[in-house]
Trainee: 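My questions will all concern the structure given below.
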Amino acid sequence: MSSVRVLLLYPRFAQDSFWRNLELARLKGARCMAPPLGLITVAALLPAHWEARLCDLNARALDPADLEWADVVFVSGMLPQRQEALTAVAAMQAAGKVVVVGGPDVSSSPEAYAAADFRVLGEAEATLSAFVEAWESGARSGLITTPEERPAVTQTPVPRFDLLHLPDYLFVGVQFSRGCPFTCEFCDIIELYGRVPRTKTAAQMLAELDALYALGYRGHVDFVDDNLIGNKKAVKAFLPHLIEWQRAHGHPFHFSTEASLNLADDSALLDQMAEAGFYLVFVGIESPDPEVLRSTQKKQNTKRDIAASVHRIYAAGIVVIAGFIVGFDNESPDAADAMAELIEEAAIPVVSLGLLYALPDTQLSRRLEREGRMFPIKEEDFRHGDQTGAGLNFATLEPRIDVLRRYREVYARVYAPRAFFGRIRRLSELVGRQEGAVAATKPPAAAELPAPPAPIDVRQMVADLGRLFGVLATVTWRHPRAAVHIWPVALRGLKRLDRLEQLLSLALFYMHLGPFSRKVVRDVSRQIADIEAGRWADPRVKADGRPQEGASPMRAAE
């Protein structure tokens with residue numbers, strides 16, 4: 001069989017994004033945040049006689065020699081990459097290449113990628129073999145659709161980490177499970193990957209960590225699961241293996257992940273995660289209002305003290321960063337105050353705060369379509385990296401200007417320097433506070449005694465401190481106004497050397513989030529001014545008052 005040469009092309013993310021924290025990456029010597037785990041997994045699924053090269057446009061420009069080498073170009077990405085992905089499709093076709101698109105965005109909105117030669121919808125484990133068969137039979141265009149049954153991830157191979165230039169990235173991702181058991185109305189995860197989490201075996205996961213370790217990688221590894229604890233039984237069975245692997249290899253990695261807030265209810269699971277090396281978890285809180293949570297079907301966050309739940313996670317030694325959303329139908333007029341107060345009470349340092357966006361093919365977008373409230377898709381929606389700029393793509397039930405004012409108020413309050421760094425100072429007192437506590441009234445049996453702690457590597461500790469304070473020196477030079485807030489965090493962290501890098505990394509988020517928050521406030525203020533001046537028009541209605549094609553004539557509330 002002749003070899004087929006595949007160029008895996010990862011488009012740039014939109015410039016304006018909460019998560020596109022290039023300043024933090026550069027301060028730590030990287031080019032961007034994380035590599036494309038999906039594409040390097042696709043590379044591992046290719047037939048053995050096919051060759052693959054990766055070009056991540058977020059890290060490096062395309063080498064013309066790689067383009068000339070390729071027989072076919074694979075392009076994959078998410079919604080914030082759509083505009084760049086379509087540009088890449090056109091450019092690759094203009095260079096005479098056959099282009100295959102896959103990934104979550106084309107799976108949700110296949111019509112948007114009609115220009116591509118091949119569209120491969122769904123998870124690669126279920127669809128890539130059909131594409132390979134079509135290609136080897138001579139086809140050079142087509143639509144590959146996913147079967148109804150979701151593929152087991154127990155057969156997913158180790159991703160091709162060897163295709164990465166690892167120093168380009170702030171962290172590297174792995175995946176233990178896909179899917180989430182909950183039914184949040186606004187979420188597209190359950191549409192793409194289902195409500196029954198599918199998990200890999202412990203052997204699979206350890207093989208992936210072995211591969212990273214063998215390549216010389218050390219440091220931050222993100223479990224990119226939709227909800228790591230979606231299948232608690234499976235993750236509890238896996239964690240002892242991960243703990244033992246970390247111990248046997250000298251704890252080369254520290255982990256982050258995403259999980260639902262009910263993680264706080266399971267102290268044994270929290271202890272396992274902390275022992276395995278998990279230090280950070282992203283939690284979707286969305287709103288402090290139980291009525292809002294119930295209406296959007298996020299019931300797992302109701303009937304609980306949210307701040308106390310966050311503090312229980314802190315007590316285990318794991319930091320929480322969280323997502324909040326403004327713009328739900330039944331949001332109260334004082335929602336901005338309640339949200340800002342909860343963020344302060346819980347001492348959540350980094351908050352992803354977005355305007356509600358109806359993602360394609362979700363329960364929310366389908367409901368809004370039925371109600372005639374969805375706006376037509378516009379190209380400018382995809383110039384934004386997330387819902388901070390492109391949110392409220394529908395007619396709000398209450399005056400749109402009121403929603404925007406609430407959003408602006410929360411953003412301005414949460415990312416004021418005094419508030420942001422104040423939360424980090426409080427966090428330094430909360431995280432890991434149960435460490436050293438007496439857990440039992442009688443000594444454990446000899447067989448249960450923990451192994452003695454490893455001796456402190458003084459040279460490594462000095463090297464780590466030197467590296468951290470080198471970053472501080474760079475911050476002082478490049479961001480002198482922020483440095484006056486960051487140095488106190490670092491000096492306070494000297495009392496907790498085990499937490500110093502963790503706290504300092506959170507503080508360094510401000511190098512991106514400070515300017516980004518001010519931009520969001522300016523952009524939202526312009527939207528408010530447009531409404532006040534009568535310059536904003538319902539996108540569903542033409543200038544002559546007739547509805548846009550495919551849109552309801554019902555006007556949005558103003």
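Scope of the values below: all heavy atoms of this structure, side chains included, with no hydrogens, waters or symmetry mates. Start at 1 with the first residue, then count along the sequence.
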Trainee: Indicate yes or no for a side-chain donor-acceptor contact from S107 to the backbone of L121 under 3.5 Å, with no hydrogens or angles considered.
Mentor: no
Trainee: So, F223 versus F176, ring centres under 6.0 angstrom or not?
Mentor: no
Trainee: If only side-chain N and O atoms count, and only distance matters, is there a donor-acceptor pair under 3.5 Å linking E191 with T362?
Mentor: no
Trainee: With a 4.5 Å cut-off on side-chain heavy atoms, are H249 and Y213 touching?
Mentor: yes
Trainee: Quick one, R366 with E369, criterion salt bridge (charged side-chain N to carboxylate O under 4.0 Å, His left out). Give me CA distance, side-chain angles, the key distance, then yes/no.
Mentor: CA-CA 5 Å; R366 292 191 290 268; E369 287 282 5; over 6 Å; no
Trainee: Could you tell me whether a side-chain N or O of S365 sits under 3.5 Å from a main-chain N or O of L359, the two making a donor and an acceptor?
Mentor: yes
Trainee: Can you tell if the side chain of P151 reaches within under 4.5 Å of the side chain of E123, non-hydrogen atoms only?
Mentor: yes
Trainee: Measuring only between side-chain heavy atoms, which start at C-beta, is P252 closer than 4.5 Å to Q246?
Mentor: yes
Trainee: For the pair R304 (side chain) and Q300 (backbone), establish whether a donor and an acceptor sit closer than 3.5 Å, ignoring hydrogens and angles.
Mentor: yes
Trainee: Between Y314 and H311, what is the ring plane arrangement, given parallel below 30°, perpendicular above 60°, and tilted in between?
Mentor: parallel
Trainee: Using side-chain heavy atoms (C-beta onward) and a distance below 4.5 Å, is Q81 in contact with M78?
Mentor: yes
Trainee: Is there a donor-acceptor contact under 3.5 Å from the side chain of N301 to the main chain of G284?
Mentor: yes
Trainee: Indicate yes or no for a side-chain donor-acceptor contact from R423 to the backbone of V414 under 3.5 Å, with no hydrogens or angles considered.
Mentor: yes
Trainee: Please evaluate residues R312 and S309 with respect to the criterion side-chain hydrogen bond (donor to acceptor under 3.5 Å, both in side chains), reporting the C-alpha separation (whole Å), side-chain torsions for both, the decisive distance (0.1 Å), and the verdict.
Mentor: CA-CA 5 Å; R312 284 197 295 275; S309 296; 3.3 Å; yes
Trainee: Determine whether F394 and R367 make a side-chain contact, defined as any pair of heavy atoms from C-beta on separated by less than 4.5 Å.
Mentor: no
Trainee: I would like to know whether R426 and E344 meet salt bridge (charged side-chain N to carboxylate O under 4.0 Å, His left out); could you show each step before the answer?
Mentor: CA-CA 10 Å; R426 293 200 304 281; E344 290 301 315; 3.3 Å; yes
Trainee: For the pair R178 (side chain) and D225 (backbone), establish whether a donor and an acceptor sit closer than 3.5 Å, ignoring hydrogens and angles.
Mentor: no
Trainee: Could you check V224 against V174 for side-chain contact (heavy atoms from CB on, under 4.5 Å), going step by step and ending with a plain yes or no?
Mentor: CA-CA 6 Å; V224 303; V174 296; over 6 Å; no
Trainee: How many angstroms lie between atom CE of M273 and atom CD1 of I229, to the nearest 0.5 angstrom?
Mentor: 7.5 Å
Trainee: Is it true that the side chains of K28 and S505 contain a donor and an acceptor less than 3.5 Å apart?
Mentor: yes
Trainee: Identify the two heavy atoms, one from C32 and one from L22, that lie closest to each other, and give their separation to 0.1 Å.
Mentor: CA-CD2, 4.1 Å
Trainee: Is it possible for you to check whether R150 lies under 6.0 Å from the centre of the six-membered ring of Y193, through NZ or CZ, and within 45° of that ring's axis?
Mentor: no
Trainee: side-chain contact (heavy atoms from CB on, under 4.5 Å) for F253 and L212? Distances and angles first, verdict last.
Mentor: CA-CA 10 Å; F253 302 137; L212 280 171; 4.0 Å; yes
Trainee: Contact between L170 and H220 at the side-chain level, heavy atoms closer than 4.5 Å - yes or no?
Mentor: no
Trainee: Measuring from C180:SG to E258:CD, what's the distance to the nearest 0.5 Å?
Mentor: 8.5 Å
Trainee: Does S287 use its side chain to pair, donor to acceptor, with the backbone of D289 at less than 3.5 Å?
Mentor: yes
Trainee: Report yes if the side chains of P181 and N227 come closer than 4.5 Å at any heavy-atom pair, otherwise no.
Mentor: yes
Trainee: Could you walk me through whether T199 and N231 pass the side-chain hydrogen bond (donor to acceptor under 3.5 Å, both in side chains) test, one step at a time?
Mentor: CA-CA 8 Å; T199 63; N231 184 333; 4.8 Å; no
Trainee: Yes or no on side-chain contact (heavy atoms from CB on, under 4.5 Å) for R400 and L404, after CA distance, side-chain angles and deciding distance?
Mentor: CA-CA 6 Å; R400 186 180 187 86; L404 292 172; 4.3 Å; yes
Trainee: Okay, side chain of D305, backbone of A308: is any donor-acceptor separation there less than 3.5 Å?
Mentor: yes
Trainee: Find the distance between CD1 (I321) and CZ (F509) and round it off to the nearest 0.5 Å.
Mentor: 5.5 Å
Trainee: Please find the pair of heavy atoms, one from D226 and one from G179, that lie closest to each other, and give the distance.
Mentor: OD2-N, 2.6 Å
Trainee: Would a distance-only check, ignoring hydrogens and angles, find a side-chain to backbone donor-acceptor pair under 3.5 Å from T201 to Q204?
Mentor: yes
Trainee: Before you tell me yes or no, could you show the steps for F182 and N262 under side-chain contact (heavy atoms from CB on, under 4.5 Å), namely the whole-Å CA-CA distance, both residues' side-chain angles and the distance that decides it to 0.1 Å?
Mentor: CA-CA 11 Å; F182 298 113; N262 57 320; 4.1 Å; yes
Trainee: Are L506 and V350 side-chain neighbours, meaning at least one heavy-atom pair lies under 4.5 Å?
Mentor: yes
Trainee: Mind running salt bridge (charged side-chain N to carboxylate O under 4.0 Å, His left out) on R406 and D402 for me, showing each step along the way?
Mentor: CA-CA 6 Å; R406 281 201 294 272; D402 291 347; 5.8 Å; no
Trainee: Does any N or O in the side chain of D334 come within less than 3.5 Å of the main-chain N or O of D337, such that one atom is a donor and the other an acceptor?
Mentor: no
Trainee: Kindly give the heavy-atom pair with the smallest separation between S428 and R425, and that separation in Å.
Mentor: OG-O, 2.5 Å
Trainee: So, do Y279 and F255 have ring centers that fall under 6.0 Å from each other?
Mentor: no
Trainee: May I ask you to decide if the ring planes of F13 and Y10 are parallel, tilted or perpendicular, using 30° and 60° as cut-offs?
Mentor: perpendicular
Trainee: For the residue pair Q175 and E208, what are the closest heavy atoms and their distance?
Mentor: N-OE1, 4.2 Å
